[in-house]
Protein chains: 2
Amino acid sequence: MNYPWPEPGTPLEQVATPMPVIDEDRLAANIARVQTYCDTHGKAFRPHIKTHKIAAIARQQVEAGAVGLNCQKVTEAEVFADAGFDDILITYNILGPAKLVRLKALNARVTKLAVVADSETTVAGLASAFDADRPLSVLVECDTGGKRCGVQTPEAAVALAERIAAAPSLRFGGIMTYPSIGGAAQVEAFMARTMALLAEKGMECPVRSSGGSPDLFSAHLVPSASEHRAGTYVYNDRSMVRAGHCTEDDLAMYILATVVSRPAPDRAVLDSGSKALTSDLLGFSDYGSIVGFEGARIVSLSEEHAVVDISGCTRPFAEIGAMVKVVPNHTCVVTNLFDRMVFHRNGIVTRVENVDARGTVW
Amino acid sequence: MNYPWPEPGTPLEQVATPMPVIDEDRLAANIARVQTYCDTHGKAFRPHIKTHKIAAIARQQVEAGAVGLNCQKVTEAEVFADAGFDDILITYNILGPAKLVRLKALNARVTKLAVVADSETTVAGLASAFDADRPLSVLVECDTGGKRCGVQTPEAAVALAERIAAAPSLRFGGIMTYPSIGGAAQVEAFMARTMALLAEKGMECPVRSSGGSPDLFSAHLVPSASEHRAGTYVYNDRSMVRAGHCTEDDLAMYILATVVSRPAPDRAVLDSGSKALTSDLLGFSDYGSIVGFEGARIVSLSEEHAVVDISGCTRPFAEIGAMVKVVPNHTCVVTNLFDRMVFHRNGIVTRVENVDARGTVW
């Protein structure tokens, strides 16, 4: 479709809303800050592309020193392989013939491809889909307190590692976890114990991969980890400020929105609904904050409307037709709604990038 | 991108997940049931395309007897105008030069185009953007208890109607409301009073448009309304069952998902995360129901994982690799995540349609 995406040089005030926009300088600073931290502490850094899904940003991350990319889906990894990236970790249990066929094709053309597994079922599927002449690297996913996927104990991790190592078509690549927030000590304990048990069996554990943006700057408290993965850090969001990961000056994404109605003294309506902000609360009781209007609360979303309770706003709220900037609770899901992303520097549009991996199905 | 969208004839068991699928027979029955109801009660029916965003479904709705379409954004309306639809109501305050230029171009090629306004600011913008030789039809949006947009009183509605009627480039098209659930009596009172006040001034009120799926089958309780708008009814969802609008047999959309992990006795993980189901709760405390597994609760979503508490499940939960069907809380926002939609009849894929208006920005 012939969208009116803004040309470079357009002032943000002229961008039609709702539209997420990315601050180039903050983006670059976020990339540099995290890479420097990881370099300082001797951790490989592997950015998760889920937050941006844009090849050009992944390139900025790798040029800054990232070791490779982290994807969550086979089709996402395909997009970044097409863009020339040659070190991709898919942190997901890949199951079923359709995906395994695609994964095998991907392994044939990506220099370093790896996936994770947390069950014998997943390992058996991978083992039968791949060949010994082009084995797939598989890491064991470990539940270190995040209570999502992952084997529950170091002993179970070792048992699954042995299953992987025993399959001629697979290589045991190491261990991986997506920890709970504040879980550095648990990650370290789980990893250290697993490595010790593996060593007892004479097995190496090449990669020990931990992750997450909220605790990124605690990665040095996990000496056993060899790499850290993070996605949200690149844009940051309201939840990252709350977690103490960053300040408001590090927020690279705003959603530009327009006040479309002031129907009652205590109420304003923006054009950024759940199809622009998503309904992700991440523990907040409202759907984003509005820059410069402290006390105004986005109390409910329809698909194309955000209802703002302005009764507690510390100054008169913006009038109908005015543009405001919304800090989203969660940037990664906003990315998933837009086909392109608008970048700017000091309020002037610099580029519009395709969100290359948006709409990747599985 | 070269996605593995399923070919017609493919059994759903072979569709890679996560993937929303639409039951052709239930879709057709939902369309027929609502049209028959509206025909019976002498209401024009105007389906809202937000739920499906697919021209082929809009065509089914119009062929069944719908008077025209309801869109929420200018670019959505453009998509459906491109597809040949000639009666479109955009139920939104359109503001700002970029959108007004596009709206004017749309008005030049759509036989019957109308928008709504709830403020003098919106009316003034429309009035200055359009010309007397091709005036735009504008309805006054009224807040009848929904507490979103809309003028607050019948008197305010009439005052705004007079502003519209006084602009040579605009035509007063009537009144429109998006009511609260259970608000039929309020809608009737507001509409009847507004029509009476307009009549006193010798003004006609050509269209009186109410809307919403939850209360659709109460539309006959609003005799003053000439038309009803609804979107969700076409697919239905968990919230519509709860509202009593439909039964589980009328659910046309499921999200196919795969069990990717069974990490602990009380926990299973599906591959349908917030990037497949969205985080819309709509008053529920969990993120969808799993067909055939009563008591299993989707208690949290990551972007690509759904964590299911299976401790209360009334029978053994599905094993790793098995496919399950998730009833989403809210179908309209799922539509907004996928580029294409897979249709089936009795579990066999019938067609794959582009979600034509997905990604329309504003």
Side-chain angles (χ1 to χ4, degrees), chain A residues 1 3-5 14-19 50 72-73 75 78-79 92-93 95-99 102 118-119 121-122 125 141 143 147-152 258 260-264 267 269 271 274-275 278-281 302-305 307 319-321 332-333 336-339 359-362, chain B residues 1 3-5 14-19 50 72-73 75 78-79 92-93 95-99 102 118-119 121-122 125 141 143 147-152 258 260-264 267 269 271 274-275 278-281 302-305 307 319-321 332-333 336-339 359-362:
Chain A
M1 243 171 312
Y3 278 121
W5 296 97
Q14 293 175 21
V15 171
T17 62
M19 188 74 79
K50 67 181 183 133
Q72 208 73 322
K73 303 197 265 198
T75 52
E78 288 175 345
V79 170
Y92 215 83
N93 283 281
L95 290 153
K99 294 177 191 176
R102 304 277 291 216
D118 75 352
S119 72
T121 307
T122 299
E141 180 164 3
D143 182 353
K147 293 194 180 302
R148 199 166 68 180
C149 296
V151 298
Q152 299 294 297
T258 297
V260 294
S261 182
R262 289 284 304 267
R267 193 191 329 151
V269 182
D271 60 0
S274 65
K275 285 178 173 174
T278 84
S279 298
D280 272 27
L281 284 168
S302 306
E303 286 156 60
E304 307 292 355
H305 297 85
V307 175
E319 294 298 331
I320 295 172
C332 311
V333 286
N336 197 46
L337 301 178
F338 288 86
D339 290 340
T360 46
V361 178
W362 43 256
Chain B
M1 245 170 314
Y3 279 120
W5 297 97
Q14 293 175 20
V15 171
T17 62
M19 188 73 79
K50 67 181 184 136
Q72 208 73 324
K73 303 196 267 199
T75 51
E78 288 175 346
V79 170
Y92 215 84
N93 283 280
L95 290 153
K99 294 177 191 176
R102 304 278 290 217
D118 74 352
S119 72
T121 306
T122 299
E141 180 164 6
D143 182 354
K147 292 193 181 299
R148 199 166 70 181
C149 296
V151 297
Q152 299 295 297
T258 297
V260 294
S261 183
R262 289 284 304 268
R267 192 191 332 150
V269 182
D271 59 1
S274 64
K275 286 178 173 173
T278 84
S279 297
D280 272 28
L281 284 167
S302 307
E303 287 156 59
E304 307 293 354
H305 298 86
V307 175
E319 294 297 331
I320 295 172
C332 311
V333 286
N336 197 46
L337 300 177
F338 289 85
D339 290 342
T360 45
V361 176
W362 43 257

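- Chain B forms more heavy-atom pairs under 4.5 Å with one residue of Gln72(A), Arg148(A), Arg262(A) than with any other, namely Arg148(A).
- In this structure, chain A has heavy atoms under 4.5 Å from both the backbone and the side chain of Val260(B).
- Atom OH of Tyr92(B) sits about 13.0 Å away from atom CH2 of Trp362(B), to the nearest 0.5 Å.
- The residue among Glu141(A), Lys147(A), Gln14(A) with the most heavy atom pairs within less than 4.5 Å of chain B is Lys147(A).
- Options Asn93(B), Leu337(B), Ile320(B) differ in how many heavy-atom pairs under 4.5 Å they form with chain A, and the most are formed by Ile320(B).
- Interface remark: Lys73(A) contributes side-chain atoms only to the contact with chain B (heavy atom separation under 4.5 Å).
- Comparing Glu319(B), Arg267(B), Glu304(B), Gln152(B) by heavy-atom pairs within less than 4.5 Å of chain A, the highest count is held by Arg267(B).
- The minimum heavy-atom distance between Ser261(B) and Cys149(A), with the atom names listed, is CB-SG, 3.6 Å.
- Between Met19(A) and Trp5(A), the closest heavy-atom pair is SD-CZ3, 3.5 Å.
- Ranked by heavy-atom pairs under 4.5 Å with chain A, the list Thr278(B), Asp271(B), Thr122(B) is led by Asp271(B).
- Of the atoms belonging to Lys99(B), it is side-chain heavy atoms, and not backbone ones, that fall under 4.5 Å from chain A.
- Between chain A and the residues Val269(B), Asn336(B), Asp118(B), the largest count of heavy-atom pairs under 4.5 Å involves Asn336(B).
- Between chain B and the residues Ala264(A), Gly96(A), Ser302(A), the largest count of heavy-atom pairs under 4.5 Å involves Ser302(A).
- Heavy-atom distances place both the backbone and the side chain of Asp280(A) under 4.5 Å from chain B.
- Between the OG atom of Ser119(B) and the CG atom of Leu95(B) there is a distance of 6.5 Å, given to the nearest 0.5 Å.
- Contact tally against chain B (heavy-atom pairs below 4.5 Å) for Val307(A), Thr17(A), Asp143(A): the top residue is Thr17(A).
- In this structure, chain A has a heavy atom under 4.5 Å from the side chain of Ala98(B), while its backbone stays farther away.
- Heavy atoms of Lys50(A) lying under 4.5 Å from chain B belong to its backbone as well as its side chain.
- Interface remark: Ser274(B) contributes side-chain atoms only to the contact with chain A (heavy atom separation under 4.5 Å).
- At a 4.5 Å heavy-atom cutoff, the contact between Val333(B) and chain A is made by backbone and side-chain atoms alike.
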